[in-house]
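These numbers come from a predicted model, not from an experiment.
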Amino acid sequence: MMRKILVAGNWKMHGSKTMVRSLLEGLLKGSSMNGNADLAVFPSFPYLSLTESILSGSHIQWGGQTLNPNAQGAHSGETSGSMLADMGCRYVLVGHSERRSIYAESDVDVALRFKAALDTGLEPVLCVGETQEEREGGQTEAVVGRQLDAVIGSVGMDAFNHAIIAYEPVWAIGTGLTATPQQAQSVHAFIRDKLSSLDVIISDQLRILYGGSVNGSNAVELFAQSDIDGGLVGGASLTAEDFLAIYSAAA
Ligand code: PGA
């Protein structure tokens, strides 16, 4: 099964109108439609409208960094899936480690957001991954397995027809410490095997991205692994040159 690589840039809480405009114009100028790889960016909410106006009709897609599980109502400060869809988003990140650790999103909260994303026609990118302590304690598969089970238990395996998984070891995010291609591949294979016991075809077609200090130099070897289908990129997605180097590695 040839899965199309996805190179996704998570800008986190970075940006300004000037930065967003020049970054997106740089990406448009420096990349083109590619049969082997998709390109997507995840700006903060205030810049989604600008992003839509610049990228609309291009080969680059965009998404939100999180969503509220409710459809609408008295939730000041929150953003719903239908609002993201209205801004032309194709994707939304769900359960990023910063949401889990800083904003206390539990496995149950993550599952609710995943379901809300699907209900509003968005493709959720479900982030999973273990901390340094959990890895050292030999808990990596137990933690990732638990994070997956919470979502599968809530929405069922069929939902993964329209979803993406991102394996992001917490100790590798923003630290410059990338998992080795072998360490990443081993967890990706664990994820795919686990899901294939529920549905072989869906599991085979599912894109599993790696995230955690991906850059232009380590991307080629990471993307060459049989179960790594792209990257969720933080720091290196904030300049067009660095992000495009990763897209070239995928293409
Ligand atoms: P990083 O972030 O590439 O800066 O490690 C990845 C992420 O948080 O998605």
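- Listed by first and then second residue, the ring pair (Phe, Tyr, Trp, His ring centres under 6.0 Å) pairs involving residues 100-121 are Phe114-Phe160 (not counting sequence neighbours).
- Separating the CG atom in Asn218 from the CZ atom in Phe223 is a distance of 8.0 Å, to the nearest 0.5 Å.
- Residues that satisfy the salt bridge (Lys or Arg N to Asp or Glu O under 4.0 Å) test with Asp199, not counting sequence neighbours, are absent from this structure.
- Shown here are the salt bridge (Lys or Arg N to Asp or Glu O under 4.0 Å) partners of Glu168, two or more places apart in sequence or in another chain: there are none.
- No donor-acceptor distance shorter than 3.5 angstrom exists from the side chain of Asn215 to the backbone of Thr178, with no hydrogens or angles considered.
- Atom CG of residue Asp86 and atom OG of residue Ser80 lie 8.5 Å apart, to the nearest 0.5 angstrom.
- At a threshold of 4.5 Å between non-hydrogen side-chain atoms, the residues Tyr210 and Val187 do not count as touching.
- A side chain to side chain contact (heavy atoms under 4.5 Å, CB included) with Thr79 is found for exactly one of Leu48, Leu84, Thr66, namely Leu84.
- With sequence neighbours excluded, no residue forms a side chain to side chain donor-acceptor pair (under 3.5 Å) with Gln147.
- Here the CD atom belonging to Gln205 is positioned 10.5 Å from the CZ atom belonging to Arg192, to the nearest 0.5 angstrom.
- Sequence neighbours left out, the pairs with a member in residues 31-41 that pass salt bridge (Lys or Arg N to Asp or Glu O under 4.0 Å) are Lys4-Asp38, Asp38-Arg207.
- Looking at every heavy atom in both residues, Glu130 comes nearest to Glu134 through CA-OE1, 3.4 Å.
- Heavy-atom minimum distance, Val220 versus Ala249: CG2-CB, 3.6 Å.
- Counting only N and O atoms by type, the side chains of Ser106 and Asp109 include a donor and acceptor under 3.5 Å apart.
- When side chains are defined from C-beta on, Val41 counts as touching Phe243, because their heavy atoms get closer than 4.5 Å.
- Between the CD1 atom of Ile191 and the OG atom of Ser203 there is a distance of 10.5 Å, given to the nearest 0.5 Å.
- Residues Ala117 and Val92 come closest through the heavy atom pair CB-CG1, 3.5 Å.
- More than 12 heavy-atom neighbours from other residues, nucleotides or ligands sit within 6.0 angstrom of CD on Glu52.
- Annotation: side chain to side chain donor-acceptor pair (under 3.5 Å) contacts of His162 (sequence neighbours excluded): none.
- Met83 and Tyr47 are assigned to two separate hydrophobic clusters, defined by single-linkage of ILVMFWY side chains at heavy-atom distances under 4.5 Å.
- Counted within 6.0 Å of CD1 on Ile102, heavy atoms from surrounding residues, nucleotides or ligands total more than 12; the atom is thus considered enclosed.
- Within 6.0 Å of CD on Gln182 lie more than 12 heavy atoms contributed by other residues, nucleotides or ligands.
- Distance alone, capped at 3.5 Å, places no donor-acceptor pair between the Ser82 side chain and the Thr120 backbone.
- Between the side chains of Trp171 and Glu133, no donor-acceptor pair of N or O atoms lies under 3.5 Å.
- Judged as a side chain to side chain donor-acceptor pair (under 3.5 Å), and not counting sequence neighbours, the contacts of Arg100 are Asp107.
- With Asn10 contributing its side chain and Gly234 its backbone, the two residues share no donor-acceptor pair below 3.5 Å.
- In this structure a side-chain-to-backbone donor-acceptor pair under 3.5 Å is present from Ser58 to Ile60.
- Considering CG of Asp204 and CG of Asp227, their distance stands at 9.0 Å, rounded to 0.5 Å.
- The cluster map of Ile, Leu, Val, Met, Phe, Trp and Tyr, joined by side-chain heavy atoms under 4.5 Å apart, puts Val94 and Met87 in the same cluster.
- The shortest distance between side-chain heavy atoms of Leu50 and Leu24 does not fall below 4.5 Å.
- Remark: side-chain polar atoms of Ser56 are not paired, donor with acceptor, to backbone N or O of Ser53 under 3.5 angstrom.
- The closest side-chain heavy-atom distance from Trp11 to Ser237 is below 4.5 Å.
- Within the structure, ring pair (Phe, Tyr, Trp, His ring centres under 6.0 Å) pairs that include any residue of residues 183-203 comprise Tyr167-His188 (at least two apart or interchain).
- A donor-acceptor pair under 3.5 Å is absent between the side-chain atoms of Arg135 and the main chain of Thr140, judged by distance alone.
- Legend: residues meeting side chain to side chain donor-acceptor pair (under 3.5 Å) with Glu78, ordered by chain and number and at least two apart, are Asn68.
- Smallest separation of non-hydrogen atoms from Pro43 and Thr51: CG-OG1, 3.3 Å.
- Cluster partners of Leu93, using a side-chain heavy-atom cutoff of under 4.5 Å among ILVMFWY residues and allowing indirect links, are Leu6, Phe42, Tyr91, Val125, Ile164, Leu209, Leu232.
- Taken together through direct or relayed side-chain contacts under 4.5 Å among Ile, Leu, Val, Met, Phe, Trp and Tyr, Val214 and Ile173 form parts of separate hydrophobic clusters.
- Residues Gln65 and Arg99 form no side-chain contact, since every pair of their non-hydrogen atoms from C-beta on lies 4.5 Å or further apart.
- Nearest approach of Leu27 to Ala240, heavy atoms of both residues: CD2-CA, 3.9 Å.
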Throw together a table of side-chain donor-acceptor distances under 3.5 angstrom for residues 148-156, partners on residues two or more places apart or in other chains.
unit_1: Asp149; atom_1: OD1; unit_2: Lys194; atom_2: NZ; d: 2.8
unit_1: Asp149; atom_1: OD2; unit_2: Lys194; atom_2: NZ; d: 3.3

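- For residues 18-36, the side-chain hydrogen bond (donor to acceptor under 3.5 Å, both in side chains) pairs, not counting sequence neighbours, are Ser31-His59.
- Residues Leu67 and Leu112 are members of separate hydrophobic clusters, defined by side-chain heavy-atom contacts under 4.5 angstrom among Ile, Leu, Val, Met, Phe, Trp and Tyr.
- The same ILVMFWY cluster, assembled from side-chain heavy atoms under 4.5 Å apart, contains both Val128 and Leu198.
- The shortest heavy-atom contact between Leu118 and Pro124 is CD2-CD, 3.6 Å.
- Summarising the geometry, atom CZ belonging to Arg113 is positioned 14.0 Å from atom NZ belonging to Lys115; distances are rounded to the nearest 0.5 Å.
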Trace of the side chain to side chain contact (heavy atoms under 4.5 Å, CB included) decision for Leu206 with Ile165: CA-CA 8 Å; Leu206 179 72; Ile165 292 177; 3.6 Å; yes

